[in-house]
Structures are given as C-alpha cells and as structure tokens.
Protein chains: 2
Amino acid sequence: MAKRSSSSTEVLLGLLTIEPMSGYDLGQTIRASVGHFWNESYGQIYPNLKKLAAGGFVSSKTERRKGKPDRQVYSITAKGRQRMANWLAVDPQPEIPRNELLLKLFFGAQASSTVLARYVESMADRERAVLGMLDHAQAQIDAQKQYPGSPFWKMVTRFGQLELEAHLQWAEETIVHLDQLNKRTATAGKRKIHAGN
Amino acid sequence: MAKRSSSSTEVLLGLLTIEPMSGYDLGQTIRASVGHFWNESYGQIYPNLKKLAAGGFVSSKTERRKGKPDRQVYSITAKGRQRMANWLAVDPQPEIPRNELLLKLFFGAQASSTVLARYVESMADRERAVLGMLDHAQAQIDAQKQYPGSPFWKMVTRFGQLELEAHLQWAEETIVHLDQLNKRTATAGKRKIHAGN
DNA sequence: AAATGCATGTAACGCGTTACATGATTTT
DNA sequence: AAAATCATGTAACGCGTTACATGCATTT
C-alpha cells in the first residue's frame, strides 16, 4: 500500500521547531498560523503526539502549575529535526479539490438562482474575514524584526491574499450573473402567464 | 453523529440528469467536466451507484453489445431528482483546506530554497495545464448553443480561471523571492569562508 | 508479445472528524 | 448559576483511496 504520508505529524514537528508546546497549544497555534491552508483536529493531534514520542521524534515533560491543570509539553528532538528535513525534501503532493459550492453551482440549472446567490454571498463573507486576518498577519510579520521564517511566512500569506482576492472578484461577478438569470426567468414566467391568460 | 453528507452520491445523480450513463462513463465524465474542483474514484462510484439503485434514486439496465463487455447503464428516477433538489437547497459546507506545498513553504527556513523553488515551479506547470483546459472548455461552452446548464458551467470554469491565474502570479513572484534568498545565503556562505580563511 | 483501454467490481486500510468523557477555572 | 475556556484524551464511525481481481479488445 502506497505511502499516504499525510503530513499530520509533520505540522506538529514543524511548529515544535519554533517552540516547545502542549497538544492544546499546537491546536491553537495551527489555527492561528497555518489555519488558512491547513487544519488539524485534536482527535488527530493527541494520538499523533504519542506516536511521535514513542518514535523518539519528540520528548515530553509534565508541567505542574498551581491552580491550573497539568500540561504535557513536547519538544522536538534531533531525530525529529532529521525527520522534518527528510519530509521537506520530498515533493509535496498536489491537493485533490472538493469544492461543494462549485458543485452545486455546476448543477445550478435545477436550483433557485436566489438561493445560489446566497451561497456565493456567504462564501464571500467568510473569505473576506479571512483576508482581513491575512492582511493583519502580513503587517505583523513586517513590523516584528526578522525571524528566519519571516520571508516564508510572507510567501504563504501572500498566496492566501491573492487567492482570496480572486475568489472575491469572482463572487462579485457571479452574483451579478445570478441576479440577471433570476430576473430573466421571472419575466419569462410573467410572459407565460400573460400568454396563458 | 452529524450528517457528513459528502456529496459523493449527488455528483452521480447530477450527471445522470444530463444523460444516462454507466459507472465507467461517470468516472470519465467527472474527470472531464467537474474534475478541476471535484474528484471521485471508482472505489467510490460503483458502491454508491448500488446504494442509489437500492434506494430507488436511479434505475439500471444491462446493455449487451457484440464484441464489447456488458455495461450497466443508470438513469435517474423522479425520486432521484427530488433528492437532487433537496441537496441543492442545503447550504454547501466550506471546504477544509490542506495545501501541502504551502505547509512545506511555511517551514521553508529549514529547507533548501532551490528545492522549494522546484516545488513551486512544478505546481505552476500543473496548474498552467489545467488553465489551458479551462480556457478550452470556456470556448466550447460559448461555441455550442445554449444548454440550460451553460451559464452555470461558465461560472465554475471562470472560478477556476481566476483562481489559477492568481496562483500563477503568486508562483512567479515567489520563485523570484526564493532565488534571491538563495543568492543571499550563497554569498553569506562565501563571506564566511573568506573570513574563516 | 506486451501494453493500454474498456468495464465492473471488492477488500483492506488508514485518515480524519465527531462525539463523548472528565474536571478545573474563569468569565458572564 | 451558567457558560465558556483550559486541558487531555478515547472510541466509533464513515469516507475515500489504493490495490487487487477479472477478462476481453485494441493498439503498439
């Protein structure tokens, strides 16, 4: 069976190169940093951390804190860094797309244009929010003094910005088209009623 | 447990509204029509067709042809069309992104810029090819006389065009940045060697 | 003679989400 | 008093891919 290699463990290793963290922290950090192009659920994070620890790629120590619950803090090991380097040297596999909005639009002749326009609008709303966060992130990277990762972080946020701007432009156009279709079928309906009576 | 609803059956139903087809045909048609935003493997298509038939959403008849192997040809039923309409009336769920290229770039400080540039190049090559197919598809939709689905097909291909153009623009920029980083670390390396000797 | 395409399927496997469980603390 | 957040996990489930199996026809 082919390597599926799904990078769910490597995102953990990668973030641990920046700073030792707990599973919970990793979840939060993923959302905040790579969230716009990668996500990971806790049902994935905790078991994978255990596997990484069992393989010697990370080490863990229990941190006790008065009042607050204990946390398991993980650090990457030399072996873990090596694994990270190996992973980085392998060609990334292209993602297989699955866009349900586009699928429904493709079959849009069987649906209400008004409803479809709503779908496009709410997608645009969602993406506008993400774009705002990316702009903010971009500004922050520029403001804070250079980390070794800074140029790369800029590249990935730039990707998001360009992609989302393209989506938003498309959404604008598409809503206009859908409205026009709606008007046309509405007047066609009226005409039919007139002809029928 | 929440509805996962993954639309794998609906894409089959949807294409069968256009024309009765076999499982094999559906696989080919998916690749050719919605392939740039939706994919489906045969290991998914055949079992799902059986389920749809068992539920009365499609009917099947065996087609015997001299020389060639038999084919099961599926047609959508009234019940199937109703199911399609219901599905279209439900909000599409936003896709969760998983872009491995961006993930590797994000951790690019630990990798070779030359290698990363190669990754970006090959992604651009792949997407340029898809863009070419989309341009061709767009032209075909314009050329052939209006189907009820035509305006919607144009919307989804337009989405792909805008998105891919954004990606390609980003790829150009990014390769330049990566080359600059590469030069800088190369000269920094030289300087070190000079200083050391 | 070998490889590719047509055509239909099944089995195994793993990835990933969702739901559930627990319990303490902080905020509303 | 209730809700949300911190914090860590496990179990169940289903989705989807990959690999395998079969066999005939056509192409190289």
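Order of the sequence lines fixes the chain letters, A, B, ..., with proteins taken first and strands second; residue numbering starts at 1 for each chain. Values reported hereafter were calculated over all heavy atoms of this structure, with side chains retained and with hydrogens, waters and symmetry mates removed.
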- Task: Check every strand shown and say whether A:Ile96 touches a base, only sugar-phosphate, or nothing at a heavy-atom separation below 4.0 Å.
- Result: sugar-phosphate
- Return the value, rounded to whole Å, for the distance between atom CD of A:Glu63 and atom C1' of D:dA7. 12 Å
- Item | Whole angstrom value for the distance that separates P of C:dG16 from CG of A:Asn48 | 8 Å
- Task: Using a strict 4.0 Å threshold on nitrogen-to-oxygen distance, state whether A:Arg98 and B:Glu95 make a salt bridge.
- Result: no
- Note on the structure: Here the distance between atom C1' of C:dT4 and atom CD of B:Gln28, to the nearest Å, is 13 Å
- residues 157-181 of chain A vs ring-ring contact (aromatic ring centres under 6.0 Å, His included), sequence neighbours excluded, gives A:Phe159-B:His167, A:Phe159-B:Trp170, A:His167-B:Phe159, A:Trp170-B:Phe159
- Query: Rounded to whole angstrom units, what separation is found between the CD atom of B:Glu95 and the C1' atom of C:dG16?
  - Reply: 16 Å
- Apply side-chain contact (heavy atoms from CB on, under 4.5 Å) to B:Ala129 and list each qualifying residue two or more places apart in sequence or on a separate chain. none
- Value in whole Å for how far the P atom of D:dA25 lies from CZ of B:Arg64: 16 Å
- Note on the structure: Rounded to whole Å, the CD1-C1' distance (A:Ile45 to D:dC6) equals 14 Å
- Query: What is the distance from CG of A:Leu12 to P of D:dT8, rounded to the nearest Å?
  - Reply: 13 Å
- Query: In residues 29-40 of chain A, which residues come under 4.0 Å of DNA chain D by heavy atom?
  - Reply: none
- Any B:Arg98 side-chain N or O less than 4.0 Å from OP1/OP2 of C:dG16: yes
- Task: Output the single nucleotide from D:dG16, C:dG16, C:dA7 whose closest atom is nearest the side chain of B:Tyr24.
- Result: C:dA7
- Message: For a quick test of reading the model: is some side-chain N or O of A:Ser6 closer than 4.0 Å to OP1 or OP2 of C:dG14?
- Response: no
- Task: Would you please name every residue forming a side-chain contact (heavy atoms from CB on, under 4.5 Å) with B:Lys183, sequence neighbours left out?
- Result: none
Please tabulate, one pair per line, each protein N/O and nucleotide N/O from nucleotides 9-11 of chain D that are separated by under 3.5 Å, including the distance.
{"from": "D:dT10", "atom 1": "OP1", "to": "A:Lys50", "atom 2": "NZ", "distance (Å)": "3.3"}

- Decide yes or no for A:Met84 and B:Gln110: does some side-chain heavy atom of the first lie under 4.5 Å from some side-chain heavy atom of the second? yes
- Taking only residues two or more places apart in sequence, or in another chain, which ones meet A:Lys79 in a side chain to side chain donor-acceptor pair (under 3.5 Å)? none
- Charged N to carboxylate O below 4.0 Å: is that the case for A:Arg31 and A:Glu40? no
- Message: Using OP1 and OP2 only, check whether a side-chain N or O of B:Ser8 sits under 4.0 Å from D:dC15.
- Response: no
- Query: Do any pairs count as a ring-ring contact (aromatic ring centres under 6.0 Å, His included) and have a residue in residues 89-116 of chain A, sequence neighbours left out, and if so which ones?
  - Reply: A:Phe106-B:Trp153
- Message: B:Glu173: which residues meet the salt bridge (Lys or Arg N to Asp or Glu O under 4.0 Å) condition with it, sequence neighbours left out?
- Response: A:Arg158
- Task: Can you run down the ring-ring contact (aromatic ring centres under 6.0 Å, His included) pairs that involve residues 11-38 of chain A, sequence neighbours left out, and say none if there aren't any?
- Result: A:Tyr24-A:Tyr42
- Query: Distance check: side-chain N/O of A:Ser41 vs OP1/OP2 of C:dT18, anything under 4.0 Å?
  - Reply: no
- Task: Determine to 10° how strongly the helix from C:dA1-D:dT28 to C:dT28-D:dA1 is bent, judged from the axes of its five-pair ends.
- Result: 40°
Name every donor-acceptor pair, under 3.5 Å, that has one atom in a side chain of residues 48-57 of chain A and the other anywhere in the protein, sequence neighbours excluded.
{"from": "A:Asn48", "atom 1": "ND2", "to": "A:Gln44", "atom 2": "O", "distance (Å)": "3.0"}

- Item | Atom-pair distance (CZ on A:Arg71; P on D:dT5), nearest Å | 18 Å
- Query: Among pairs that include at least one residue of residues 115-126 of chain A, which meet side chain to side chain donor-acceptor pair (under 3.5 Å), considering only residues two or more places apart or in two chains?
  - Reply: A:Asp125-A:Arg128
